[in-house]
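The structure appears right after this line, and notes come after that.
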Amino acid sequence: MIIAIDGPAGAGKSTVAKTIAKKLGFLYIDTGAMYRALTLKAIEEGVSSGDTARLIALAANTQIILRNNPDGSLVVFLDGRDVSRLIREPRITQVVSDIARIREVREVMLALQRDLGRKQDAVLDGRDIGTVVFPDADKKFYIDAQFKERVSRRYKELVALGQEVTFEEVDADLKNRDTIDSTRAVAPLKKADDAICVDTTDMTIEEVVATVLKEIKLSGRV
Ligand code: DC
C-alpha cells in the first residue's frame, strides 16, 4: 500500500507522514531528504546550483539510503555517511529547490523513490508524490496551512534544532521555495485531483494524524 503526502514546506507533512508510518508499520520515505542529501554533496564538492551538467553527473554517482529507526525517526546516509542532521542546515535549505528543479536529477530520485515504494508498504512525503512518483497511490493527501503559520512552525522547529535563524529569514526562505517548487517546469508542487486536502492551520498534529488515519482506514486495507 502506498500513501502519498504532498504539500508545501512547513505544513506539517513530515511529522504526519512519520507518525502515520510508525502507527501502520509502514516504511517512511522523506523524499525531500533525498534532494537535501544530494545538495549537501554538491556543496561539499564545490558544485554550484547553476552547474546543471555536473549536478546531473553527481546525482547519477551518489548513493542515498534512508533508514527508519524503531522510534520512527529517519536516518539519511549519503555515500555511507550519516548526514541526517547536516541536511537540515540553512545552507542546504537555501539551494535545495534550485537543484530539485533539474529534470535529470528528479529522474534519478524518482527511480529511487519508486524502487523503495514497490518493495514494501510505504508513506512518502514530498511535493510530487501523488502527481508524478505514485499517481496510482492508494491514498493521497495534500497537507497545507496558511503561510504565516507555516513560517512560525518552521522557525520553532529550527530553533529547537539549535539553529540561529530569524523569523524574517525563515519567512523569506519559505516564500522563495514556495515559488520555485510550485512554478518549476518539471513535477511542480500541486495537489493531485484525487488528493484529500487537509488545512492544518488551526489543527494540532494529533488532530491531523487522526484525520489522515481515519481516511486511510476507510479504505479497509489497514
Ligand atoms: O520537504 P523539504 O523541505 O525537506 O524539501 C526540500 C526541497 O526538496 C523542497 O524545497 C523541494 C524539493 N523537493 C521536491 O522537489 N520534490 C519532492 N518530492 C520533495 C522535495
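Every heavy atom of this structure was used, including side-chain atoms; hydrogens, water molecules and symmetry mates were not. All ligand and atom numbering here is 1-based and tracks the order in the structure.
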Measuring from the heavy atoms of Arg101, does anything fall under 4.0 Å of ligand 1?
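So Arg101 does not count as touching ligand 1.
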Does ligand 1 have any atom sitting under 4.0 Å from a heavy atom of Arg184?
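Yes, that is the case, since the closest heavy atom of the residue is under 4.0 Å from the ligand.
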Carboxylate-amine/guanidinium proximity below 4.0 Å for [X] and [Y]:
| X | Y | value |
| --- | --- | --- |
| Asp115 | Arg118 | no |
| Arg221 | Asp138 | yes |
| Asp128 | Arg106 | yes |
| Arg154 | Asp173 | no |
| Asp79 | Lys41 | yes |

Close-contact set for ligand 1 against Ala100 heavy atoms, below 4.0 Å
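The atoms of ligand 1 under 4.0 Å from a heavy atom of Ala100 are 12 (C), 15 (O).
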Contacting atoms of ligand 1, where contact means under 4.0 angstrom from a heavy atom of Thr31:
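Numbered from 1, ligand 1 contributes 17 (C), 18 (N), 19 (C).
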Measure the distance from atom 4 (O) of ligand 1 to every protein heavy atom, then report the residue, atom name and distance (to 0.1 Å) of the closest one.
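Scanning the protein heavy atoms, the shortest distance from atom 4 (O) of ligand 1 goes to Arg36 NE, 2.7 Å.
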Give me the nearest non-hydrogen protein atom to atom 20 (C) of ligand 1 as residue plus atom name, then the distance to 0.1 Å.
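Ranked first by proximity to atom 20 (C) of ligand 1 is Gly32 CA, 3.5 Å.
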For a quick test of reading the model, state the closest non-hydrogen atom pair linking Leu55 to Ser49 and the distance between them.
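What the structure gives for the nearest pair is CD1-O, 3.5 Å.
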Do Asp128 and ligand 1 have an N or O pair less than 3.5 Å apart?
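By distance alone, the answer is yes.
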Heavy atoms only: which of Arg177, Met109, Arg106, Lys13 is nearest to atom 15 (O) of ligand 1?
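Looking at heavy atoms only, the winner is Arg106.
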